[in-house]
Amino acid sequence: MLRLTQSPTEPAFVQDPYAFYDRARESGDLFFWEDYGLVCATSHRAVSTLLRDRRLGREAPAEMAPDHPPHTRPFYDIEAHSMLELEPPRHTRLRGLVLRAFTSRRISALAPEIAVLCNQLIDDFPNGAFDLLDAYGRIIPVVIITRLLGVPEDRAGDLLGWSNAMVAMYQARRSRAIEDAAVDAALAFRGFIADTIAERRMQPGDDLLTHLIAAEEGGDRLSLDELVTTCILLLNAGHEATVHTIGNGVKLLLERDLRSVDAAVVEEILRFDPPLHMFTRWVYEDVELFDHVFRRGDQVSCLLAAANRDPAAYVDPASFQARRQGPANTAFGGGIHFCVGAPLARLELEIGLRSLFERRPRLRLAEPPRYADVYHFHGLERLMVEG
Ligand code: HEM
């Protein structure tokens, strides 16, 4: 297997990781990434297969469960109930309860509200050059997810701060300060959600939180800890990736002078420049896949963004084609952990981008955008625009 060295924080890689992915994919479906000490899948077929193979999963095998330092305990206590970190049967139960409350009817009913919000934000754009992420991209997903969940919208700033601090635990460079901030954020987030749940129990509404509280499956309600974790997961997962896809998408369209947006354009943005590149799986039993023998306890990473540029799956994958043919892209993952929020994210992206270009047809880049040096989110530092 090809072994490659590539620092995930090297500036050229941060700005364009795709050249490295192409080099890695040329030698086959899998390569060994020295800097992570991990076998990684780069082809569309390998990524799609590994994400769906039930002999692999997100939860560590019991004997491999990581020994987290005691000071990080409050953070991992919350993670312990996250469907994203669990496998069946707990994953099935939690995901089922969420999906019942997260119906497609409830999501599509949000369309008019998303459009009103986008228009209000566009009305308030400052004159001259401004950061579109601050004025638009960062606001839409967090406001919509707070409304959907039924948590007070005026706390959106706190939620963003807590969420950023918690997500930082997954970045390449992790320090004691990052761990302490994540623990503080987890505790504050927990207290806030527990208070909101108590209020909602007294005063039910037509929101996701009320439905989650009431959700029953075989008489089995979500426990308070599960409810808290599920809300945190939905709030965290529910905005960061969408923010960065709005940024990456606007950049792509402005650079190519494309201004007409529909569902197919959104899909091509998600294929061409997705916000999340790497998801790792544990191996539960000895198995040979793509000419490599995996042992129980091994880990393998699926490089979603590399799969999306696989020439065996897409013709001329490095070109942006609004009417592209080909298999579904892997931006939202695959298999049992496939993104719960994909329909909401797609709706926000389509309405957000379409409203922007319809209302601001002369919008242009005010400076060349740069990607931020955080490999766990492939998104822009800022997106200065004018017009
Ligand atoms: C463009 C935006 C988004 C992208 C690219 C994205 C991507 C992903 C990916 C790749 C996974 C699977 C991770 C894995 O298999 O290991 C995932 C899972 C998840 N996403 Fe998203 N996501 C987005 C938006 C959202 C939104 C808006 C929500 C919620 C409202 C959300 C909630 C979740 C949840 C709860 C999971 C865990 C599902 C499970 O473990 O069964 N995501 N997302």
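Counting starts at 1 for both ligands and their atoms, in listed order.
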ring-ring contact (aromatic ring centres under 6.0 Å, His included) between H277 and F377: does it pass, once the steps are laid out?
CA-CA 7 Å; H277 287 196; F377 275 120; over 10 Å; no
Name the closest protein heavy atom to atom 15 (O) of ligand 1, giving the residue it belongs to and the distance to 0.1 Å.
R281 NH2, 2.6 Å
What part of H378 sits under 4.0 Å from ligand 1 if we count only heavy atoms: the side chain, the backbone, both or neither?
neither
Could you tell me whether ligand 1 has any atom less than 4.0 Å away from a heavy atom of L86?
no
Proximal ligand 1 atoms for I145, defined as those under 4.0 Å from one of its heavy atoms
30 (C)
Listed by chain and number, what are the side-chain contact (heavy atoms from CB on, under 4.5 Å) partners of N127, not counting sequence neighbours?
none
Measure distances from atom 21 (Fe) of ligand 1 and count the protein N, O or S atoms below 2.8 Å.
1
Give a yes/no verdict on whether any heavy atom in P275 is under 4.0 Å from an atom of ligand 1.
yes
Contacting atoms of ligand 1, where contact means under 4.0 angstrom from a heavy atom of L304
10 (C)
Taking side chain as C-beta onward, heavy atoms only, is R176 less than 4.5 Å from H71?
yes
Tell me the contacting part of H337 for ligand 1: side chain, backbone, both, or neither, using a 4.0 Å heavy-atom threshold, strictly below.
both
Residue-level breakdown please: for T242 versus ligand 1, do any non-hydrogen atoms fall below 4.0 Å on the side chain, on the backbone, on both, or on neither?
both
With a heavy-atom distance limit of 4.0 Å, tell me whether E348 approaches ligand 1 through its side chain, its backbone, both, or neither.
neither
Could you list which atoms of ligand 1 come closer than 4.0 Å to a heavy atom of F102?
30 (C)
Contact atoms of ligand 1, heavy-atom distance to I336 under 4.0 Å
41 (O)
Ligand 1 contacted by V98 (non-hydrogen, < 4.0 Å)
no
Note: ligand 1 atoms sitting under 4.0 Å from heavy atoms of A331 are 5 (C), 7 (C), 10 (C)
Which of these, H81, E85, E79, M83, sits in a side-chain contact (heavy atoms from CB on, under 4.5 Å) with L233?
M83
L84 heavy atoms, cut-off 4.0 Å: which ligand 1 atoms fall inside?
13 (C), 37 (C), 40 (O)
Within a distance under 4.0 Å of any heavy atom of T245, pick out the atoms of ligand 1 and give their elements.
1 (C)
Mind checking whether L148 contacts ligand 1 via backbone (N, CA, C, O), side chain (CB onward), both or neither, at a 4.0 Å heavy-atom cut-off?
neither
For ligand 1, does H91 get within less than 4.0 Å through its side chain, its backbone, both, or neither, judged by non-hydrogen atoms?
side chain
Is there a donor in the side chain of D53 and an acceptor in the side chain of Y284, or the other way round, less than 3.5 Å apart?
no
